[in-house]
Amino acid sequence: MGEFVGIDPLGADKLIRQMETGKDVLGRTRPGLESAIAEAGADWAGRAGVTAMHRTWWFFHESQQDLKWRVDTLKRMVPTQQKGMLTATMPFSNQTEAAQAAKKDAAAITEALKRHDEHLSGQSWAEVEKAAAALKGRVDDPAYAAALLAALGPTAFQKLFRDWMNNRAAGNRRGLTPESAKRAGDGLPGLLAKAFASAESSGRLGTEWQKMVETAPSDILTTLVKLAPQSSTFLTKAAINLLNRPPNSDAFPTDANWNLYNLAKAFAANPEAFQRFLAEHPKEAGTMLDAYTIRSSGVPAYEEALAEALDGALKPKSGVDEVRERAWINVINSIGSEHSLWIGGSLGTFPNSPVSRVLAKNIRPIFDNLARGQADKRAQEAYKQAVADGVENPPLPPPYLAPRAPWNTLDPAVSARFFGALMQDPATAKTLMNLAKEYVQDMDMGRFHPSDQGNYGAAAFYNYSARAGALSSLLLSGSTYAEWSDDEYAEWLADSILMPVDFADEFVPDVGKIPGTGKAKMLDEIKDRLKKMITDYMDGKTPDDAGTVANRLVNMQVDVMIKSLKEAGHGGLTSDEQATLRDAAMGRMLGALTNALKVRGG
C-alpha cells in the first residue's frame with residue numbers, strides 16, 4: 001500500500017517545469033565544463049563539483065518522474081476542477097512497486113483466460129472476472145496501468161472485451177446498450193477502460209497500442225470511450241477511424257448502431273474535444289450529422305445524444321471563440337449542403353428534431369455573421385450587374401457589410417438551406433423568428449435616419465437595415481423547405497417581411513409615443529393585411545403573379561418603415577429619400593420573397 005499524500009497540482013506542475021529548466025542548464029554546461037577540466041588537468045580546482053552536477057541532474061530527473069507520477073495518479077483518483085491541495089492515499093509507494101503488482105495481476109488474468117478458452121463455461125469466465133477484480137483501486141495509477149497493458153498486450157486486451165460481451169451482453173453486436181454499458185462500467189470492461197485511459201493520457205503506451213485504434217472492432221473502441229473519460233487525442237482518433245469505416249463493415253450491419261450513440265455520449269462528456277473535432281474534421285463531422293446516419297442508426301436516442309454534444313460544443317462562450325466559429329461553419333456547411341438529405345430528400349422532414357432545436361437555441365451570437373454574408377453577396381451582385389449594364393459609377397459594395405474571416409468563406413445559399421433544414425421543425429422555426437426579431441431590435445435602427453446630414457447617421461441606417469433585410473431574406477429563402485399549412489406559411493412570411501421594421505415597437509422616443517396597445521394594434525393590422533395578400537395569392541383569389549404580389553408586400557414594408565421613422569421623431573422623407581429606401585428594400589428582399597411565393601404556388 002502507498003502513502004497518504006497531499007499535492008497542489010498547479011504548484012507541482014510549476015516545480016516540474018523549474019526542474020526541467022535546471023536540467024537544461026546543467027546539460028548545456030556539463031560538456032564544456034568536462035572539456036575544460038580535461039584540458040586543465042591537475043591545475044583544475046574543485047573536481048568534486050562535476051560529480052555534484054551529475055548527481056543534481058539525476059536528482060532533478062528522478063524527482064520529476066516521481067512527482068509527475070504522483071500528480072497524474074492523484075488527478076485520476078480525485079477527478080475535480082477545484083484548485084489547491086488534492087489529497088488521497090496512493091495505491092503504491094513508488095512506480096517500481098506499481099509495475100511489479102501490475103505484472104502479477106496480468107499474469108493471473110492471462111492464466112484464467114487460458115483456462116476459460118479450454119472450458120468455455122460460465123464458471124471458467126467467472127474465474128477471469130475474479131482475477132480482474134484485483135484491478136479495483138489500482139488502475140488510476142498510470143505506472144500500474146501501463147505495466148498491466150504491456151503485460152497483457154493488445155490482442156489479449158481486446159479478447160477480454162469480446163469475451164465479456166459474449167458472456168454478459170450477448171446480442172449487443174454493434175455497441176453496448178445503455179443497460180449493458182452500466183454493467184460493463186461496474187465490471188471487467190470498466191476497469192480495463194480506466195486502465196487504458198490512465199496509461200494513454202500519461203503517454204506511457206507503446207506504438208502497438210497506438211495502432212490498435214485502426215484495427216480494433218468498432219464496438220470495442222466505443223466501449224473504451226464510453227466507459228472511461230479517454231484523452232481528447234484518443235477520442236478524436238477513435239471517432240475519425242470509426243466514421244471513415246465503410247457503412248457495412250460491421251459483422252451485423254443491420255443491427256441497431258449503438259456505436260454511434262456511445263461515440264456521441266463520449267463527445268457530450270468532452271465538449272472541448274467535440275468542438276475541435278467539428279472545427280478540424282468536417283468530413284467526419286458531416287457523417288455524424290448526416291440525415292441518413294441519423295435515420296438509419298436504428299437508435300432514436302442517437303439524435304438526442306448528438307444534440308447534447310452539439311449543445312456543449314456550440315453554446316455561446318464555450319471553448320475557444322475561433323474554434324467554436326469554425327465548428328459552426330462546418331455544421332452549417334454539412335446540414336445546408338446542396339445535396340443534404342435534411343431537406344427535400346426521400347427521408348422526409350425532421351419535425352421535433354432535438355438537433356434543430358439545440359442549434360436554434362445557440363445560434364443568436366452568429367446571426368450577424370450570416371446576415372453580413374447575405375448582405376455583402378447582394379451588394380456584390382448589384383455592383384456586377386451595374387458594371388454589366390454599363391453604369392458609369394456603379395455602387396461599390398459597402399466595406400462595412402463584408403463578413404470577417406472565417407465567415408467570409410460561407411456561401412449564403414448554404415446558410416439559407418441550413419435555415420430551411422431547421423425550420424422543418426415548427427418549434428425551431430418559431431425560435432429562429434423570435435431570435436431574428438431580437439437581433440433587429442438590438443440594432444436600435446430607429447436612432448438613425450436614411451438622409452442624416454452627417455455621413456455616419458445615414459451609413460448606420462443603411463448598414464443596419466441591409467443586415468436586417470439580409471437576415472429576413474435568408475429566412476424567407478429557407479422557408480421554402482418548410483412543410484407548413486397555408487395559414488402557418490402566410491404567418492411566417494408576414495413576420496419575415498415585417499421583421500426589418502419591427503424596431504418601431506421598442507425604439508420610438510417617449511415624446512409623442514403612440515400608446516403601446518395602439519401601436520401593437522397598428523402592427524397587427526398591417527400583419528393581417530400582409531397575410532391576406534399572401535393567402536389570396538396561394539388560394540388563387542388574385543390574378544397577380546408571384547413577382548407582383550412580392551412587389552406589393554415589399555412596398556407595404558417600406559411604407560411601415562417610413563411611418564416608423566416619422567413616429568421616431570425624424571420627420572417625413574422626401575420623394576427622393578423614399579425612392580432610395582424603396583430601392584434598397586426591393587434589392588434586399590424582393591428576389592427571396594418572389595421565389596418563396598413561387599415555390600409555395602398560387
Side-chain angles (χ1 to χ4, degrees), residues 1 91-92 95-177 180-200 202 204-228 230 234 238 250-252 259:
M1 178 57 69
F92 303 99
Q95 297 186 73
T96 301
E97 181 184 324
Q100 290 173 345
K103 292 174 183 177
K104 180 180 178 181
D105 291 342
I109 294 172
T110 301
E111 182 60 29
L113 188 60
K114 180 180 178 181
R115 289 195 298 270
H116 174 64
D117 286 342
E118 294 174 357
H119 299 287
L120 295 177
S121 66
Q123 183 178 352
S124 63
W125 178 249
E127 291 299 315
V128 175
E129 293 188 318
K130 182 179 178 181
L135 276 57
K136 290 182 179 178
R138 296 181 166 191
V139 291
D140 286 328
D141 185 317
Y144 173 91
L148 176 79
L149 296 184
L152 288 174
T155 301
F157 179 79
Q158 294 178 63
K159 179 173 168 50
L160 286 165
F161 277 94
R162 176 62 63 226
D163 285 357
W164 184 94
M165 293 173 186
N166 290 338
N167 283 275
R168 305 298 188 198
N172 296 170
R173 301 183 297 191
R174 295 187 79 193
L176 298 182
T177 65
S180 295
K182 184 179 185 306
R183 285 189 284 110
D186 295 333
L188 180 150
L191 291 169
L192 292 177
K194 290 177 182 177
F196 186 87
S198 295
E200 192 277 334
S202 60
R204 294 170 181 259
L205 288 183
T207 55
E208 70 275 15
W209 291 93
Q210 304 303 328
K211 294 177 181 178
M212 188 187 74
V213 71
E214 301 172 6
T215 58
S218 300
D219 56 350
I220 290 179
L221 288 178
T222 58
T223 297
L224 276 175
V225 301
K226 169 70 175 176
L227 299 186
Q230 305 293 339
F234 179 79
D250 291 319
F252 303 92
N259 287 321

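Computed from heavy atoms alone, side chains included, the values below leave out hydrogens, waters and symmetry copies.
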Value rounded to 0.5 Å, distance of [atom1] in [X] from [atom2] in [Y]:
X	Y	atom1	atom2	result
Thr222	Asn259	OG1	CG	3.5 Å
Tyr144	Arg204	OH	CZ	14.5 Å
Met165	Leu188	CE	CG	10.5 Å
Phe161	Leu192	CZ	CG	4.5 Å

Got a sec, which pairs hit salt bridge (charged side-chain N to carboxylate O under 4.0 Å, His left out) with one end in [range], sequence neighbours left out?
range	result
residues 209-227	Arg162-Asp219
residues 118-129	Glu129-Arg168
residues 149-158	none

(message) Test of understanding: with salt bridge (charged side-chain N to carboxylate O under 4.0 Å, His left out), list the residues that count as partners of Lys182, not counting sequence neighbours.
(response)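 With neighbours one apart ignored, the set is Asp186.
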(message) Tell me every residue that passes salt bridge (charged side-chain N to carboxylate O under 4.0 Å, His left out) with Glu208, counting only those two or more places apart in sequence or in another chain.
(response)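 With sequence neighbours excluded, Glu208 shows a salt bridge (charged side-chain N to carboxylate O under 4.0 Å, His left out) to no residue whatsoever.
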(request) State which residues pass side chain to side chain contact (heavy atoms under 4.5 Å, CB included) with Ala184; sequence neighbours excluded, sorted by chain then number. (result)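 Expected list: Trp164, Leu176, Pro189, Leu227.
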(request) Sequence neighbours left out, what passes side chain to side chain contact (heavy atoms under 4.5 Å, CB included) with Ser124? Give chain and number order. (result)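 His116, His119, Ser121.
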According to side-chain hydrogen bond (donor to acceptor under 3.5 Å, both in side chains), who are the partners of [X], at least two apart in sequence or on a separate chain?
X	value
Asn166	none
Glu200	Ser231
Asp163	Lys159
Ser180	Asn172, Thr177, Arg183

Could you list the donor-acceptor pairs under 3.5 angstrom formed between side-chain atoms of residues 106-115 and any protein atom two or more places apart in sequence or on another chain?
{"from": "Thr110", "atom 1": "OG1", "to": "Ala106", "atom 2": "O", "distance (Å)": "2.8"}

(message) Using only atom types and a distance under 3.5 Å, with no angle test, would you say the side chain of Ser198 pairs donor to acceptor with the backbone of Val139?
(response)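 Such a contact is found between Ser198 side chain and Val139 backbone.
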